[in-house]
Amino acid sequence: MNHFARIALFAVLASPAIAGDLMITQTKHTDAYSMMGQNSPATDVTETMWLGDKRMRHESGSQLTIVRADLKKMYIVDTAAKTYSTLDLPIDLKKYIPAEAAPMMESMFSSMKVTVTPTTETKKIRDWNATKFMVTMSMPMGSSTREVWATKDISVDSTNYCELVGSMMSMMPGGSAMAAEWKKVEGFPVLTLSSMPMMGSEMKSKEELTAVEHKDAPEGTFDVPKGFTEKPFDFMKASMPPGARRAGGH
């Protein structure tokens, strides 16, 4: 699952607005898998998300995405290479997909369908009361499934959050339709178990919310780090899973 698809798993919320910023921490474990002759070992990362008024920061390893709805900009940052790319909001994907790849991408994502099925199953996960939702994503290369446990115990400004997450999801062809279906996930995901086919292999992962804190974000949280070099955005590289990037020499 690529970076933007993972971010999309934070479902659209329906909670009252609150003041201040929100810091969200979660752990992500991905099982080992093989793809295109390359073996990818199991990985464990800690992901951090900051939510502010019309501003969002999501960091996972060396991948950092900053959404500034107030500036109508999104920044894709590589903290390891110390580079970043700037995208205008709303995003026009046609500007970033190579012409020769456009027909393939359009065909692939036009047939993509996301279905959210609510259940009545509930359980306690850490301090939160959660309800189970089953999510399936059908694509030409196969169908992925996700078991999402979401809680309504976490308060967040839903209008602000919908706008920010919608900007993130616009990085994916068909993102608007996907966002509409994701609204059926009621509450904030605290545990997500995913299984996704990957070119003859299968990628399994587990994402678990570990902490939620209401506090002011440190200065510079929603800004590109100083001294980083700007470069054009590479949609094809950003869309590929890590194993495919290594196989392709990226």
Side-chain angles (χ1 to χ4, degrees), residues 1-31 42-52 55-61 63-65 67 114-137 144-169 172 175 178-196 203-217 221:
M1 187 187 311
N2 66 42
H3 180 45
F4 303 108
R6 289 204 305 271
I7 295 172
L9 291 181
F10 287 104
V12 179
L13 311 180
S15 303
I18 57 173
D21 301 319
L22 186 68
M23 180 183 176
I24 300 158
T25 306
Q26 73 170 19
T27 59
K28 179 178 175 63
H29 172 81
T30 302
D31 290 349
T43 59
D44 289 280
V45 298
T46 297
E47 300 183 339
T48 303
M49 177 185 285
W50 280 95
L51 293 176
R55 303 181 299 176
M56 179 165 67
R57 173 191 177 104
H58 182 277
E59 189 166 8
S60 176
Q63 294 180 319
L64 169 61
T65 302
V67 180
V114 178
T115 303
V116 174
T117 304
T119 78
T120 57
E121 189 174 348
T122 61
K123 69 177 178 179
K124 191 90 168 182
I125 299 178
R126 293 181 181 266
D127 297 328
W128 304 293
N129 298 300
T131 301
K132 179 180 175 181
F133 294 81
M134 292 304 301
V135 183
T136 59
M137 180 182 293
S144 64
T145 60
R146 297 176 183 85
E147 180 180 313
V148 180
W149 291 86
T151 184
K152 293 183 179 180
D153 296 344
I154 299 172
S155 298
V156 69
D157 184 333
S158 59
T159 301
N160 179 59
Y161 188 68
C162 286
E163 179 181 4
L164 295 170
V165 171
S167 295
M168 286 284 203
M169 296 182 75
M172 304 170 61
M178 187 184 302
E181 184 67 12
W182 271 100
K183 289 182 180 180
K184 295 180 182 178
V185 178
E186 300 176 357
F188 200 97
V190 294
L191 177 65
T192 300
L193 305 176
S194 304
S195 176
M196 183 176 185
M203 180 187 293
K204 292 185 177 182
S205 63
K206 174 183 177 180
E207 298 175 61
E208 186 171 8
L209 188 68
T210 56
V212 178
E213 301 176 70
H214 292 283
K215 60 182 182 180
D216 292 334
T221 295

Please name the pair of heavy atoms, one in [X] and one in [Y], separated by the smallest distance, quoted to 0.1 Å.
X	Y	result
Ile125	Ala130	CD1-CB, 4.0 Å
Val45	Ser60	CG2-OG, 3.9 Å
Pro189	Val148	CB-CG1, 4.0 Å
Ala217	Thr221	CB-OG1, 3.7 Å
Leu164	Arg55	CD1-O, 3.4 Å
Ala150	Gly187	CB-C, 3.9 Å

Starting at [atom1] of [X], measure out to [atom2] of [Y] and round the result to the nearest 0.5 Å.
X	Y	atom1	atom2	answer
Glu186	Thr151	CD	OG1	12.0 Å
Ser194	Glu207	OG	CD	5.5 Å
Met196	Met137	CE	CE	6.5 Å
Thr27	Leu209	OG1	CG	9.0 Å
Leu22	Glu213	CG	CD	9.0 Å
Leu191	Gln26	CG	CD	10.0 Å

| field | All side-chain hydrogen bond (donor to acceptor under 3.5 Å, both in side chains) counterparts of Asp216, not counting sequence neighbours | value | none

| field | By side-chain hydrogen bond (donor to acceptor under 3.5 Å, both in side chains) - contacts of Thr145 (at least two apart) | value |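 Per chain and number, Thr145 pairs via side-chain hydrogen bond (donor to acceptor under 3.5 Å, both in side chains) with no residue.
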
Can you list the residues that meet the side chain to side chain contact (heavy atoms under 4.5 Å, CB included) rule with [X], with sequence neighbours excluded?
X	result
Thr131	Thr122, Phe133
Lys124	Asn129
Asp127	none
Glu121	Thr119, Lys132, Trp149

Measure the shortest side-chain to side-chain distance between [X] and [Y] over non-hydrogen atoms and say whether it is less than 4.5 angstrom.
X	Y	value
Thr136	Met134	no
Lys28	Thr43	no
Glu47	Glu59	no
Ile24	Phe188	yes

| request: Quick one: do Arg126 and Thr210 satisfy side-chain contact (heavy atoms from CB on, under 4.5 Å)? Show the steps, please. | output: CA-CA 8 Å; Arg126 293 181 181 266; Thr210 56; 3.6 Å; yes

| query | In chain order, what residues pass the salt bridge (Lys or Arg N to Asp or Glu O under 4.0 Å) check against Lys184, with sequence neighbours excluded? | reply |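 Lys184 satisfies salt bridge (Lys or Arg N to Asp or Glu O under 4.0 Å) with Glu181 only.
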
